[in-house]
2 protein chains.
Amino acid sequence: MNIRLRHDAIVRSLRRTGTATIDALADDVGASRRTILRDICALRDQGFVIHSEPGRGGGLQLDPQSVQTTARLAVTEVFALLISVAAMRAAGGLPFSDLADSGLAKIERALPGDKVRDLRRFLDCLHIGQLSPQQDLSDMGPMDPALLPAFERAFLQRHLLRFHYRDAQGRETKRVVEPQAMLILPPLWYLVAWDPARDDFRHFRMDRIGTPVVEEGATFRRRHVPFDADVCPYRDLAG
Amino acid sequence: MNIRLRHDAIVRSLRRTGTATIDALADDVGASRRTILRDICALRDQGFVIHSEPGRGGGLQLDPQSVQTTARLAVTEVFALLISVAAMRAAGGLPFSDLADSGLAKIERALPGDKVRDLRRFLDCLHIGQLSPQQDLSDMGPMDPALLPAFERAFLQRHLLRFHYRDAQGRETKRVVEPQAMLILPPLWYLVAWDPARDDFRHFRMDRIGTPVVEEGATFRRRHVPFDADVCPYRDLAG
DNA sequence: GATAATGGTGCCATTTTTTGTCACCATTGA
DNA sequence: TCAATGGTGACAAAAAATGGCACCATTATC
């Protein structure tokens with residue numbers, strides 16, 4: 001039997017029986033006593049909490065709280081989870097935000113190294129806040145999640161972004177900007193960008209941005225994004 | 001080299017180089033051509049999308065969208081993630097809530113069957129809403145995450161809960177109640193319970209509940225919890 | 001059409017890892 | 001004391017992974 005299947009079988013058996021002796025497990029999964037002991041070691045290394053009681057009447061016991069699950073996640077899914085938990089924390093937090101963080105940390109550790117670096121650099125560009133209750137959301141449009149890859153690429157490789165923008169008054173303008181940060185004020189997202197044509201920062205509400213095009217040829221340098229009330233008064237500033 | 005490490009190395013190499021030939025990969029990770037081919041097979045089985053182009057100028061190419069990660073999560077961590085994403089969605093949502101859901105669905109599928117049932121039943125008891133801005137949070141205390149297991153047990157096995165409760169005026173009372181639901185108004189949590197002594201529903205703010213004791217002997221039946229404005233006016237009701 | 005570069009498969013001997021067996025130790029309750 | 005239990009080390013046997021080889025199919029280039 002495959003070693004991973006056997007590990008799963010041992011966990012199942014322990015969950016079912018509550019307490020089991022090594023010999024019972026060996027019988028159950030069809031392996032030798034020694035192998036079971038090696039498996040128990042491996043499972044403990046993997047984070048399962050298995051209590052053992054020596055002596056007559058003893059045995060092995062799996063802490064049900066430590067039952068774990070493995071899932072394969074795409075990078076974008078990990079990203080979405082990170083944002084959700086971070087935004088929730090910014091919104092006031094839940095008693096279990098710490099637990100969620102520890103889960104996410106495990107997920108992050110499992111990511112390939114370069115993806116972690118990318119993710120970190122992208123997350124560094126994110127600023128999460130709370131929307132003031134006065135904000136009028138009546139005209140909020142949907143945002144296309146498919147935009148994300150373009151933004152990620154523009155942010156990570158410092159490429160200029162070109163898009164059409166429709167402002168609060170419905171005026172449409174063409175923009176070529178340096179994407180410097182993302183501002184999240186659930187449920188709104190803003191792109192904070194340096195607009196070279198206007199020589200100033202501008203905030204663009206993501207649901208008002210037309211399909212963006214990454215300008216592969218041009219790069220820019222990062223600027224200090226001032227997130228104070230003067231520059232970022234939590235409203236649409238892209239006039 | 002360990003087989004898993006080599007698989008990781010291959011994925012890294014493919015990500016770095018874009019397109020690579022089998023021989024180049026073999027050189028890179030220090031294995032034979034045959035082994036690389038077997039590894040590619042295994043990676044494809046694991047869900048990585050690897051395009052291959054035969055003939056001169058061909059090679060292997062990893063679909064960057066298919067990079068995946070596996071993490072082992074404890075059940076409580078899964079629970080915390082579910083709550084965070086659900087609460088975020090209730091608070092207005094993010095453009096990526098759907099992606100987060102798809103990630104969580106994968107995680108949930110990987111959980112052992114009985115744990116999924118428990119989790120569902122517990123989640124059914126959760127009601128997530130938004131706090132009205134008028135709520136005074138100045139006296140908000142910390143909530144002990146260690147309370148969770150007791151609540152989970154009480155909910156799932158329909159056991160009465162006994163605890164001390166300190167109301168908004170600071171009065172302390174003893175309670176023995178039927179836990180019927182949890183109301184989450186970030187950052188506050190409420191226990192919605194039927195209080196047999198008062199023959200009515202009561203809302204208890206979680207941070208005002210003393211260490212709860214599960215009454216193993218007594219069980220109760222579930223009641224319809226009315227979540228309308230009359231019964232749940234988003235304030236502390238446990239008078 | 002020939003040729004070289006590429007992905008892909010089957011076979012088998014060799015190397016590495018995993019497994020089983022055995023002897024032994026420590027702890028516990030009867 | 002004794003029997004039942006968890007735990008460790010050593011070593012040979014069994015199983016799995018690996019490398020090398022021959023060979024096939026496809027493709028671009030000469």
Side-chain angles (χ1 to χ4, degrees), chain A residues 1-68 70 72, chain B residues 1-68 70 72:
Chain A
M1 182 195 261
N2 183 315
I3 183 167
R4 289 195 210 181
L5 295 179
R6 199 179 56 231
H7 285 183
D8 288 349
I10 290 175
V11 170
R12 268 199 307 279
S13 185
L14 276 174
R15 279 183 53 74
R16 200 178 54 245
T17 56
T19 302
T21 68
I22 294 176
D23 292 323
L25 283 173
D27 261 12
D28 202 21
V29 305
S32 72
R33 191 180 116 93
R34 189 69 184 84
T35 299
I36 297 295
L37 271 159
R38 279 191 274 247
D39 289 341
I40 295 291
C41 268
L43 287 171
R44 281 175 171 152
D45 281 347
Q46 286 170 35
F48 288 90
V49 177
I50 299 173
H51 306 286
S52 58
E53 202 60 45
R56 202 158 187 161
L60 300 174
Q61 202 168 8
L62 172 65
D63 179 347
Q65 290 305 311
S66 75
V67 173
Q68 301 192 328
T70 68
R72 304 191 67 86
Chain B
M1 183 195 260
N2 183 314
I3 184 166
R4 289 194 210 183
L5 294 179
R6 199 179 56 233
H7 285 183
D8 288 349
I10 290 175
V11 171
R12 268 200 306 279
S13 185
L14 276 174
R15 281 185 49 74
R16 201 177 54 244
T17 57
T19 302
T21 68
I22 295 177
D23 292 323
L25 283 173
D27 260 14
D28 201 22
V29 305
S32 72
R33 192 179 116 91
R34 189 70 186 85
T35 300
I36 297 295
L37 271 158
R38 277 191 275 247
D39 289 342
I40 296 292
C41 268
L43 288 171
R44 280 176 172 152
D45 281 348
Q46 287 170 34
F48 288 90
V49 177
I50 298 173
H51 306 287
S52 59
E53 202 60 47
R56 202 160 186 162
L60 300 172
Q61 203 168 8
L62 172 66
D63 180 348
Q65 291 306 309
S66 76
V67 173
Q68 299 192 328
T70 69
R72 304 188 73 89

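Only heavy atoms go into these numbers, but all of them, side chains included; no hydrogens, no water, no symmetry mates. Chain A is the first sequence line, chain B the second, and so forth, proteins listed ahead of strands; every chain is numbered from 1.
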Tell me the interatomic distance from [X], atom [atom1], to [N], atom [atom2], rounded to whole angstroms.
X      : N       : atom1 : atom2 : value
L37(A) : dG9(D)  : CG    : C1'   : 12 Å
L5(B)  : dT18(D) : CG    : P     : 11 Å
H51(B) : dT6(C)  : NE2   : C1'   : 17 Å

Practice item. At under 4.0 Å between heavy atoms, which parts of nucleotides 14-30 of chain C does protein reach? Answer with one letter per nucleotide, 5' to 3': B base, S sugar-phosphate only, - none. Key: -----BBB-----BBB-
**Study point:** L43(B): which of V11(B), V49(B), D8(B) passes side-chain contact (heavy atoms from CB on, under 4.5 Å)
**Key:** V11(B)
Within the 4.0 Å heavy-atom criterion, would you say [X] contacts the bases, only the backbone, or no part of the nucleic acid?
X      : answer
A20(B) : sugar-phosphate
I40(B) : nothing
A42(A) : nothing

**Study point:** pair L14(B)-I10(B): side-chain heavy atoms closer than 4.5 Å
**Key:** yes
Study note, to complete from the structure: Among the nucleotides dG7(D), dT8(D), dG8(C), whichever has the atom closest to the side chain of C41(A) is dT8(D)
Check your understanding: Taking only side-chain nitrogens and oxygens of T21(A), does any of them come within less than 4.0 Å of OP1 or OP2 of dA4(D)?
Key -> no
Check your understanding: According to a strict under-4.0 Å criterion, is S52(A) in side-chain N/O contact with OP1 or OP2 of dG7(D)?
Key -> yes
Study note, to complete from the structure: By side-chain hydrogen bond (donor to acceptor under 3.5 Å, both in side chains), T21(A) pairs with (sequence neighbours left out) none
Check your understanding: Got a sec, which pairs hit salt bridge (charged side-chain N to carboxylate O under 4.0 Å, His left out) with one end in residues 41-53 of chain B, sequence neighbours left out?
Key -> none
Exercise for review: Supply the atom-to-atom distance T35(B) OG1 to R33(B) CZ, rounded to the nearest 0.5 angstrom.
Suggested key: 11.5 Å
Practice item. Nearest 0.5 Å please: distance from the CG atom of L60(B) over to the CD1 atom of I50(B). Key: 7.0 Å
